[in-house]
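Letters go in sequence order (proteins before strands), and every chain restarts at 1.
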Amino acid sequence: MKTTIQARALGKTYPVNGKPYWALKDLDLDVKEGQAMGIIGGNGAGKSTLLKLFSGITHPSEGGYRLEGQMTSLLEIGTGFHPDLSGRENIYLSAALHGMDRQTTAQRLDAIVDFSGVEAFLDTAIKHYSSGMKVRLGFALAAHMDADILLVDEVLAVGDAAFQAKCLRRMESQMQDAGRTVLFVSHNMLAMQSLCDQAIWLQQGKVHQQGESHAVASAYLQQQLPQSHAIDLTEHRDRSGQGDVRITAMSWDRAPCSGQSASLRIQYNGKAAMEQPNLRLSLEGADGRFLAPISMHTSNIRPDRLKASGELVVHFDALPCMAGTYQIRARLLCKGLVQDDLRPAMRFEVQEGLITPGGDSFSLTKNGVFLPLTWDLEQALDSGNALR
Amino acid sequence: MNKPITEVQAKDPFWQVNQASRKRSWQVTKAFARRDLSLRYVQTRMGWLWVIAQPLLAAALVLLVFSVIVKVEIASDVPYALYAFAALPGWLMAQSILLQGGPSLVHNQHILRKIAFPKMALIQAKGLVFMVDFLVASILFIAFAYGLYGSIPQAPILWVFMMAYTWLLATGMAALVAAWSVKYRDLIAILPFLAQGLFLLTPVAYPSTRYADALGTWDWVLYLNPFVSMAEGFRLAFFGIGDLAELHVPGITLSFAMGCLLIFFGRLALRWVDRNLVDRL
């Protein structure tokens, strides 16, 4: 089989505070025709940089690469969409930017619209669309672009579960039919494994492991475990937000255990006092699925101002997580503006424990959260047989 | 079937980086131009009437300032209104391309970070949009000239040439501003001021021979402005050589040469910043 993507000694450096920072270093990669290659790794491992290089958005600092075939990149859903334009106009615009000519787009318009399910609003400005509709339209377009090489970056992180599954199926069938080569960056191990047979694991800009996607994914998840204790977040590069305040460290005060008390400490450091701050944490499963919100505003904690640097502590009297691996996405906002966004900011393992003394742990293979609840068995109990 | 092969090396010379085919370039230019045209008069009351109203308002203002208030005198015997308006559509096009094309990389950075496409397309799209305005303004001018004075353009070919020159010059200068703005946004901040200054220094509503009256032998400094040749060129195209006896030919040549340099170096500058543009923006 032919090699469609070939990289040799590929490197990319960005200047950070006057010093060069190697986002990617000495990378060799061969991807064969028709192969789907997953790319995994932590924040700042170089995954997105790799796709930006292959797609031509930025130029390598070292080495080079060779692509054989027409390439399309899908680094974001609905790139180029303008809120004031109609769905139809946006399809044409985004398609043209991605390299599809107007005639081809016109031929596929019906299929695209059909896939997205927004027929009724095709001539409405997309600023009136719900966010779900926008995502569906963007993905429908992406699913109908033809290219020999497709670069996909974390786009499945958006949209509802049913639509994600539909997109995954569509991508799978396209790969089988057209012999398309796919590079797929994802934090979602389940999606990555179902789409890709091969995977590489990047760490600090280098290939840490390469092989079958299941093997690489499980090794990756395994390696994440020790990070349940304090990790230094100051060096993380793959973060967004304005950056006036940064989350510098997140840690549990002790190894978290189901049903036990636990405190999550979040240290931050900024230039000036934080005005109307809000810390939003998303508790996620190891595969990236959302489980529960943890936010100051959700708890109705709304301080006007907090010190420029300090520590926030979330305290659980009884940690409601089942045993298993979790990750947390952290966002720090001031006056509604995102200052820092880390996904994931930390991974940790919750040890087996009981949420209610004497109860059971429900399952050791599933993980999720326990809900606060009480039982009422009045209508089911035999009279005289009081509940112990 | 032969598949296209893309080979990229870190040490590729800058003019080879991200070289796009003509077809791709034109495709993206058209897409952005369509977007800008559709968006242009969204949520305005008068909509496309502004395409007609804008040059009329500009012309009224020029007449008020230069004819009524300042009372500019011209040596040739053509009507002053025609004299002042001949180069106005060209200037308005150049000004709009400069003001909107210059910041276009900064304004579209969210797209630049996600898709690779020829950056010049963003500026050329603005060029196409304001070309429409130019054509409308020119038709208005020619109708005005013929209706009131019975004059028609004497050298239509020169007129087309001047249109091309103005368009290339304005997009080239916008490219230069855009390239500069990747690292330093200062130029964008003072762009409105620059455009205003250029308008005052450009002999749209007065003859460029006034430079010599004011500065004597130092008048060549003002002829470094590439828009001098645009203004005089459009007038020549309309009135013909005969009507405008007093022309400073070396000055206009200097201005034209500067224009050609800017046309070339503006585009080159944009290519130069292309390879690391997204990292710096």
Side-chain angles (χ1 to χ4, degrees), chain A residues 2 4-15 23 33 48-49 52-86 89-90 92-102 105 125 148-149 153, chain B residues 1-14 16-21 23-44 107-119 121-122 125 183 271-281:
Chain A
K2 277 193 300 188
T4 43
I5 304 177
Q6 188 179 62
R8 288 292 172 266
L10 193 62
K12 177 71 186 175
T13 176
Y14 300 103
E33 186 173 25
S48 299
T49 303
K52 280 188 174 176
L53 287 174
F54 286 152
S55 59
I57 290 171
T58 184
H59 193 74
S61 316
E62 259 188 17
Y65 63 85
R66 181 177 187 278
L67 305 179
E68 195 171 325
Q70 197 67 48
M71 177 274 302
T72 284
S73 63
L74 192 57
L75 305 194
E76 182 188 62
I77 281 295
T79 312
F81 278 10
H82 195 287
D84 281 322
L85 294 180
S86 70
E89 287 170 312
N90 270 309
Y92 280 111
L93 172 62
S94 191
L97 295 183
H98 283 99
M100 187 149 84
D101 62 54
R102 209 171 164 81
T105 315
D148 307 313
I149 302 172
D153 190 1
Chain B
M1 201 178 82
N2 273 341
K3 288 182 172 171
I5 289 178
T6 319
E7 285 204 63
V8 174
Q9 292 294 328
K11 51 187 184 295
D12 287 340
F14 77 91
Q16 275 179 19
V17 172
N18 282 339
Q19 236 176 11
S21 67
K23 189 180 153 221
R24 167 95 176 122
S25 211
W26 176 231
Q27 179 188 42
V28 180
T29 302
K30 270 195 305 186
F32 278 123
R34 269 206 187 87
R35 177 191 74 172
D36 293 343
L37 280 172
S38 325
L39 288 176
R40 215 162 149 196
Y41 295 108
V42 166
Q43 294 194 359
T44 56
H107 287 169
N108 291 286
Q109 50 177 309
H110 57 287
I111 303 178
L112 294 173
R113 282 179 211 287
K114 299 295 179 188
I115 310 181
F117 60 86
K119 314 299 178 281
L122 278 170
K183 210 165 173 195
R271 302 283 312 146
W272 168 254
V273 297
D274 196 318
R275 60 161 77 196
N276 287 319
L277 186 142
V278 173
D279 311 340
R280 304 241 156 97
L281 205 62

Please name the pair of heavy atoms, one in [X] and one in [Y], separated by the smallest distance, quoted to 0.1 Å.
| X | Y | value |
| --- | --- | --- |
| A:Pro60 | A:Leu10 | CB-CD1, 3.7 Å |
| A:Ile149 | A:Leu67 | CD1-CB, 3.9 Å |
| B:Ala125 | B:Ala33 | CB-N, 3.4 Å |
| B:Phe117 | B:Leu122 | CE1-CG, 3.9 Å |

In terms of heavy-atom pairs under 4.5 Å with chain B, which of [options] leads?
| options | value |
| --- | --- |
| A:Asp84, A:Asn90, A:Leu97 | A:Leu97 |
| A:Arg66, A:Lys52, A:Lys12, A:Glu62 | A:Arg66 |
| A:Gly63, A:Ser94, A:Ala125, A:Ser73 | A:Gly63 |

Please flag which part of [X] lies under 4.5 Å from any non-hydrogen atom of chain B: side chain, backbone, both or neither.
| X | value |
| --- | --- |
| A:Ser55 | backbone |
| A:Gln70 | both |
| A:Tyr92 | neither |

> Is the closest side-chain heavy-atom distance between A:Asp148 and A:Met71 below 4.5 Å?
Replying inline: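 The answer is no, as the side chains (C-beta and beyond) never meet within the 4.5 Å cut-off.
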>> Between B:Arg34 and chain A, with a heavy-atom cut-off of 4.5 Å, which part of the residue counts as in contact: side chain, backbone, both or neither?
In response: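 Answer is side chain: those atoms of B:Arg34 sit under 4.5 Å from chain A.
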> Where does B:Leu112 contact chain A at under 4.5 Å (heavy atoms): side chain, backbone, both or neither?
Replying inline: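 Backbone only.
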>> Between the side chains of A:Lys2 and A:Glu68, is the shortest nitrogen-to-carboxylate-oxygen separation below 4.0 Å, so that they form an ion pair?
In response: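 Yes, this pair counts.
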> Of all of B:Leu39, B:Ile111, B:Val28, B:Val278, which one pairs up most often with chain A through heavy atoms under 4.5 Å apart?
Replying inline: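 Between B:Leu39, B:Ile111, B:Val28, B:Val278, the count favours B:Leu39.
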>> Does B:Arg271 qualify as a cation-pi partner of B:Phe14, given the criterion of NZ or CZ under 6.0 Å from the six-membered ring centre and within 45 degrees of its axis?
In response: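 Here B:Arg271 fails the 6.0 Å and 45° test against B:Phe14.
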